[in-house]
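The structure appears below as structure tokens.
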2 protein chains.
Amino acid sequence: MKTKTNVLTPQELEIMKVVWERGASTVRDVYELLRKKRKVAYTTVMTMMNILVDKKHLQREKVDGAYRYEPTKPKKQVVGAMVRDFVGRVFDGSARPLLLQLVEDRHLTEADLQEIEQLIEEKLK
Amino acid sequence: MKTKTNVLTPQELEIMKVVWERGASTVRDVYELLRKKRKVAYTTVMTMMNILVDKKHLQREKVDGAYRYEPTKPKKQVVGAMVRDFVGRVFDGSARPLLLQLVEDRHLTEADLQEIEQLIEEKLK
DNA sequence: CAATCTATACTAAAAAATTAGTACTAATGA
DNA sequence: TCATTAGTACTAATTTTTTAGTATAGATTG
């Protein structure tokens, strides 16, 4: 079975976020955490994690009888790919309109804006 | 059939982009355009456009026998919602890390950066 | 050791997304 | 007017995503 995009689906992302945060984890670890937020079956989490192994987002190894899953790629890299995919699809690949939207769109505090400004100045230097 | 997210799927977005660009369009209009880029059946486009009517992204009216479909909401608004959804899912709702990524991530020309800086300055004033 | 619990494999099914075929109707052009 | 074509309705298949049940093998404990 071939996947169309190499980008994480929402549920896959949800699990990856847990594993990035916790580091190497068992299905149970992830299950317990997700369970706090919503109803989900243990086996569902396992299926998802195994799909993520298929997709090379996780790798697993047996430690003391139980499998431990860990990310194959750092979060930054995967999220970066997701951002590029999103910018590609929604803004035809140009980040500028997205930037403009974000800056306009009052989702940022003054401190945020100042930090961005700083960064831009550094870049422009 | 209930949809989980109210956000456009990739294929839906592809069609919406055409209709936002062209304004009120027939299935054939959209079909011809998409066809230039990839193989797709006329009826596929129609199905998608009717799904988009169900989802209230398009509305249609009969003009001279043929249906013409037009967006119910401006592109900016829908894309804004997509950005918010994305930021919510990927960055837990905070736009700042996305901004930082984009600014760092060499997808921007110097001119882009200057424009953003301008905007930020205005905002901060 | 038998009962129980845990992790995993195997299986599968519902829901959503994507794609498209077939048949019917209305317009049109010869 | 009749054959052809364009538009539409109706229907449905395939793929992907999401969710989860059942069975089994190994560990655990009373």
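Every chain is numbered from 1 and lettered A, B, ... according to where its sequence line falls, protein lines coming before strand lines.
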Review point. At under 4.0 Å, does any side-chain N or O of A:Thr9 touch on OP1 or OP2 of D:dT18?
Key: yes
Check your understanding: Between atom CE in A:Met48 and atom C1' in C:dT11, what is the gap in whole Å?
Key -> 17 Å
Check your understanding: When you look at CZ of B:Arg60, are more than 12 heavy atoms from neighbouring residues, nucleotides or ligands closer to it than 6.0 Å?
Key -> yes
Review point. Under a 4.5 Å cut-off applied to non-hydrogen side-chain atoms, are A:Gln11 and A:Thr44 in contact?
Key: no
Exercise for review: Rounded off to whole Å, could you give me the CG-to-P distance for the B:Asn50 and C:dA17 pair?
Suggested key: 16 Å
Point to revise | Sub-4.5 Å side-chain heavy-atom contact between A:Asp54 and A:Asn50 | key: no
Exercise for review: Using the test side-chain contact (heavy atoms from CB on, under 4.5 Å), find all partners of B:Glu115 that sit at least two apart in sequence or belong to another chain.
Suggested key: A:Arg96, A:Leu100
Review point. To the nearest Å, how far apart are A:Asp54 CG and D:dT16 C1'?
Key: 14 Å
Exercise for review: Take atom CD of B:Glu12 and atom P of C:dT19, then tell me their distance rounded to the nearest Å.
Suggested key: 11 Å
Exercise for review: Taking only heavy atoms on the protein side, list every residue of residues 16-25 of chain B lying under 4.0 Å from any atom of DNA chain C, sorted numerically.
Suggested key: none
Atom pairs under 3.5 Å, N or O on each side, protein against nucleotides 20-26 of chain C: can you list them with distances?
residue : atom : partner : partner atom : Å
C:dA20  : OP1  : B:Lys39 : NZ           : 3.0
C:dA20  : OP2  : B:Ala41 : N            : 3.1
C:dA20  : OP2  : B:Thr44 : OG1          : 3.4
C:dA20  : N6   : B:Thr47 : OG1          : 2.4
C:dG21  : N7   : B:Thr43 : OG1          : 3.1

Exercise for review: Compare side-chain N and O positions of B:Gln11 against OP1 and OP2 of C:dA17 and report whether any pair is under 4.0 Å apart.
Suggested key: no
Check your understanding: Hey, are the side chains of A:Asp112 and B:Leu99 touching, using non-hydrogen atoms and a 4.5 Å cut-off?
Key -> no
**Study point:** Euclidean distance, atom CD1 of residue B:Ile15 to atom P of C:dT19 [Å, nearest integer]
**Key:** 9 Å
Review point. Heavy atoms under 4.0 Å, any strand shown: does A:Tyr42 hit a base, just sugar-phosphate, or nothing?
Key: base
Review point. Looking for any heavy atom pair under 4.0 Å, which part of the strands does B:Arg68 touch: base, sugar-phosphate only, or nothing?
Key: nothing
Point to revise | A:His57 side chain reached by A:Met16 side chain, heavy atoms, under 4.5 Å | key: yes
Point to revise | All pairs passing ring-ring contact (aromatic ring centres under 6.0 Å, His included) where residues 15-37 of chain B contributes a residue, at least two apart | key: B:Tyr31-B:Tyr42
Review point. Got a sec, which pairs hit ring-ring contact (aromatic ring centres under 6.0 Å, His included) with one end in residues 60-103 of chain A, sequence neighbours left out?
Key: A:Phe86-B:Phe86
Review point. So does B:Lys55 get a side-chain nitrogen or oxygen closer than 4.0 Å to the phosphate oxygens (OP1/OP2) of C:dA17?
Key: yes
Practice item. Determine which pairs satisfy salt bridge (Lys or Arg N to Asp or Glu O under 4.0 Å) with at least one residue from residues 13-28 of chain A, sequence neighbours left out, and list them in order. Key: A:Glu14-A:Arg38, A:Lys17-B:Asp92, A:Arg22-A:Asp29, A:Arg28-A:Glu32
Practice item. Could you tell me the separation between the CG atom of A:Leu8 and the C1' atom of D:dT16, rounded to a whole number of Å? Key: 15 Å
Review point. How long is the line joining CD of B:Glu14 and C1' of C:dT19, in whole Å?
Key: 13 Å
**Study point:** Separation of atom OH in A:Tyr31 from atom C1' in D:dG21, rounded to whole Å
**Key:** 14 Å
Check your understanding: Does A:Arg60 place a side-chain N or O at less than 4.0 Å from the phosphate oxygens OP1/OP2 of C:dA9?
Key -> yes
